[in-house]
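Report on one structure; see the data block that follows.
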Amino acid sequence: LPSNIMISDSIWHVEPSDIIYSKDHLTIDHFAVQHNRQHIIVSGLASNNKDDKLTADLREIDLSYILNLLNFHAVSFSGKTSGTAEIVSAFHNPEATANLQVEDFKFEGGRMGNLQATAVYDNVNGKINLNAIAQEDGQKTIISGYVSPKNDNIDLDIEAEDTNVEFLKSFCGSFMSNIEASASGKVKIAGPLSAINLSGELVANGSLKITPTNTTYRLANDIIRMIPNRI
């Protein structure tokens, strides 16, 4: 039946829908939750059959909220997410894919522009394969790799082309602040989810402050090297 629910500080409207379950068989007929322009709509059939699928349609949903539902906190992603996701054979060797667009995408609090992403769940190896590109005002960031909750690890390659490097503050905030710089190069984010490391090399332009010395440095085609387990 139609109803309202409170999510954070907003009232969301639940439309009337039919949800029918029997063992290994779940039918969802237009389950929709909406707030202004935002919505999540789920329809389809979950079963053991690879011909049956559930589809979710998303519009302007907070990415960080989705990750909270999945209890994924290893790294921080945020932005308004739209697109579709589907799962087939949900009760036996499930396969899932998602094609998403994220407005105002942020990685570890650093602005990256608008993101186009494809995610594919690899049930055999227990990992989510990611391919994405973020762009804004001539800046481009290409992301590929995987996150594996099953194996508790992450391996993402980031190719930066004049990318905003605000995200460095989350890794280096104990001694670095006021990061106003862009960089080009290749970076790897890898390791156990509880102890993620950065490695790679970037050529940076802009400025940043080294807090212990209270000094702001200007970067002009300077090289930033990231070495695992070291600063």
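In what follows, residues are counted from 1 in the order of the sequence shown.
- Taken from OG1 in Thr118 to CG in Asn99, the straight-line distance is 4.5 Å, to the nearest 0.5 Å.
- One N or O on the side chain of Asn197 and one on the backbone of Asn229 form a donor-acceptor pair closer than 3.5 Å.
- Counting only distance, with no hydrogens or angles, the side chain of Glu108 and the backbone of Ser76 share a donor-acceptor pair below 3.5 Å.
- Looking at every heavy atom in both residues, Phe91 comes nearest to Leu26 through CE1-N, 4.1 Å.
- Contact detail for Asp24 and Tyr21: the closest heavy-atom pair is N-OH, 3.8 Å.
- Environment of NE2 in His92: sparse, with no more than 12 heavy atoms of neighbouring residues, nucleotides or ligands closer than 6.0 Å.
- When only modelled atom types and interatomic distance are considered, Ser182 and Asp162 share a side-chain donor-acceptor pair under 3.5 Å.
- Using the six-membered ring where Trp is involved, Phe107 and Phe167 have ring planes that are tilted, between 30° and 60° apart.
- Residue Glu166 comes nearest to Asn164 through the heavy atom pair N-OD1, 2.9 Å, listed as atom of the first residue, atom of the second, then distance.
- Ser89 places a side-chain N or O within donor-acceptor distance of the main-chain N or O of Asn48, the cut-off being under 3.5 Å.
- The minimum heavy-atom distance linking Asn125 with Ser148 is given by the pair O-OG, 4.1 Å.
- More than 12 heavy-atom neighbours from other residues, nucleotides or ligands sit within 6.0 angstrom of NZ on Lys188.
- Ionic pairing of Arg111 and Glu136 is not present here: no N-O contact between side-chain nitrogen and carboxylate oxygen is shorter than 4.0 angstrom.
- No side-chain donor-acceptor contact under 3.5 Å links Asn151 to the backbone of Asn153.
- Looking at Asp104 and Asn114, their side chains never bring a donor and an acceptor atom within 3.5 Å of each other.
- Considering every non-hydrogen atom in both Val42 and Ile28, the closest pair reads O-CG2, 3.3 Å.
- A side-chain donor-acceptor contact under 3.5 Å links Thr141 and Thr163.
- Paired with Glu60 under the rule side chain to side chain donor-acceptor pair (under 3.5 Å), one option of Lys80, His35, Arg37, Gln38 passes, and it is Arg37.
- Of the possible polar contacts, none joining the Ser194 side chain to the Pro192 backbone as a donor-acceptor pair under 3.5 Å is found.
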Test side chain to side chain contact (heavy atoms under 4.5 Å, CB included) on Leu130 and Ile143; report intermediate values, then the result. CA-CA 7 Å; Leu130 299 170; Ile143 305 165; 5.6 Å; no

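- Between Asp62 and Ser64, the side chains place a donor N or O and an acceptor N or O closer than 3.5 Å (distance only, hydrogens not considered).
- Looking at Asp222, its side chain does come within 3.5 Å of a backbone N or O of Ala220 through a donor-acceptor pair.
- Contact between Ala183 and Leu202 at its shortest, heavy atoms only, is CB-CB, 3.8 Å.
- Here the side chain of Ser207 pairs no donor or acceptor atom with the backbone of Arg218 at under 3.5 angstrom.
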